[in-house]
Amino acid sequence: MFTDEYYMKMALQEAQVALEKDEVPVGCVIVSNNRVIAKAHNLTETLNDVTAHAEMQAITSAANFMGGKYLRNCTMYVTLEPCIMCCGALNWSQISKVVIGARDEQRGFINKNLSLHPKTEIVLDVLEAKCSQIVKDFFQNKR
């Protein structure tokens with residue numbers, strides 16, 4: 001069986017793709033039954049769309065794959081803690097598990113006292129150092 005670290009490395013690869021497009025480097029992978037059903041990265045600049053976060057792109061792709069709006073029995077691996085918009089979408093999708101690489105103290109949903117679906121399991125800090133470093137480096141280079 002594949003580990004959380006294995007799939008988070010895939011999400012980090014997606015974050016790298018975003019970085020190469022000069023997007024905020026956030027990557028996301030959704031897995032069902034040990035099979036990757038969606039991969040995505042931020043596309044807000046590319047699409048000129050504030051809703052084109054990695055999580056939103058992955059949720060749409062996974063729902064299309066599953067043939068329905070619910071992502072029960074699916075796990076999302078995301079390099080950076082989802083924002084409140086993505087939290088809402090994850091809640092509505094009823095995703096079973098969300099694995100987060102790095103916390104986002106300013107924009108993440110946890111410090112906003114929001115929660116995902118009551119049955120959604122949350123795992124924090126998987127490959128945290130790598131996930132946080134790619135974002136820190138991106139913003140340092142922007143300044």
Nearest atoms (heavy-atom pairs only) where Val78 meets Met8: O-CE, 3.5 Å
Backbone N/O of Arg107 and side chain of Asp104: donor-acceptor pair under 3.5 Å: yes
Residue pairs fulfilling ring pair (Phe, Tyr, Trp, His ring centres under 6.0 Å) with at least one residue in residues 46-90, sequence neighbours excluded: Tyr7-Tyr77
Value rounded to 0.5 Å, distance of CD1 in Ile30 from OG1 in Thr60: 9.0 Å
Residue pair Glu23 / Thr44, side-chain heavy-atom distance below 4.5 Å: yes
Pairing residues for His41 by the side-chain hydrogen bond (donor to acceptor under 3.5 Å, both in side chains) criterion, not counting sequence neighbours: Glu14, Lys21
Single-linkage hydrophobic cluster, 4.5 Å side-chain cutoff, Val50 and Val26 together: no
Single hit among Val17, Asp137, Leu12, Leu19 for side-chain contact (heavy atoms from CB on, under 4.5 Å) with Pro25: Leu19
Ile100 side chain reached by Met76 side chain, heavy atoms, under 4.5 Å: no
Backbone of Ala18 reached by a side-chain donor or acceptor of Asn42 within 3.5 Å: no
Residue pairs involving residues 112-121 (criterion side-chain hydrogen bond (donor to acceptor under 3.5 Å, both in side chains); sequence neighbours excluded): none
Heavy atoms from other residues, nucleotides or ligands near CD1 of Ile122 exceed 12 (cutoff 6.0 Å): yes
Connected-component partners of Met56 among ILVMFWY, side-chain separation under 4.5 Å: Met85
Chi angles and distances behind the salt bridge (Lys or Arg N to Asp or Glu O under 4.0 Å) call for Lys97, Asp4: CA-CA 11 Å; Lys97 182 177 175 183; Asp4 287 344; 3.5 Å; yes
Ala129 backbone acceptor or donor facing Ser132 side chain under 3.5 Å: yes
Side-chain heavy-atom pair Cys74, Ser32 within 4.5 angstrom cut-off: yes
Non-neighbouring partners of Asp49 that pass side-chain hydrogen bond (donor to acceptor under 3.5 Å, both in side chains), sequence neighbours left out: Thr51
Val36 side chain reached by Lys39 side chain, heavy atoms, under 4.5 Å: yes
Minimum heavy-atom distance Ser61-Ile37, with the two atoms named: OG-O, 4.2 Å
Exceeds 12 heavy-atom contacts within 6.0 angstrom, atom CD of Glu20: yes
Trp92 side chain near Ile59 side chain, heavy-atom distance below 4.5 Å: no
Pairs where residues 71-95 contributes a residue and the test salt bridge (charged side-chain N to carboxylate O under 4.0 Å, His left out) is met, not counting sequence neighbours: Glu81-Arg103
Inter-residue atom distance Lys130.NZ - Glu5.CD, 0.5 Å rounding: 10.5 Å
Residue pair Ile110 / Leu124, side-chain heavy-atom distance below 4.5 Å: yes
Distance-minimising heavy-atom pair for Cys28 and Ala58: SG-CB, 3.6 Å
Leu71 and Ser96, any side-chain heavy atoms less than 4.5 Å apart: no
Closest contact, heavy atoms only, Leu127 versus Lys9: CD1-CG, 3.6 Å
Minimum side-chain heavy-atom gap Leu43-Gln57 below 4.5 Å: yes
Point-to-point distance, once rounded to the nearest 0.5 Å, from CD of Gln94 to CG of Leu116: 12.0 Å
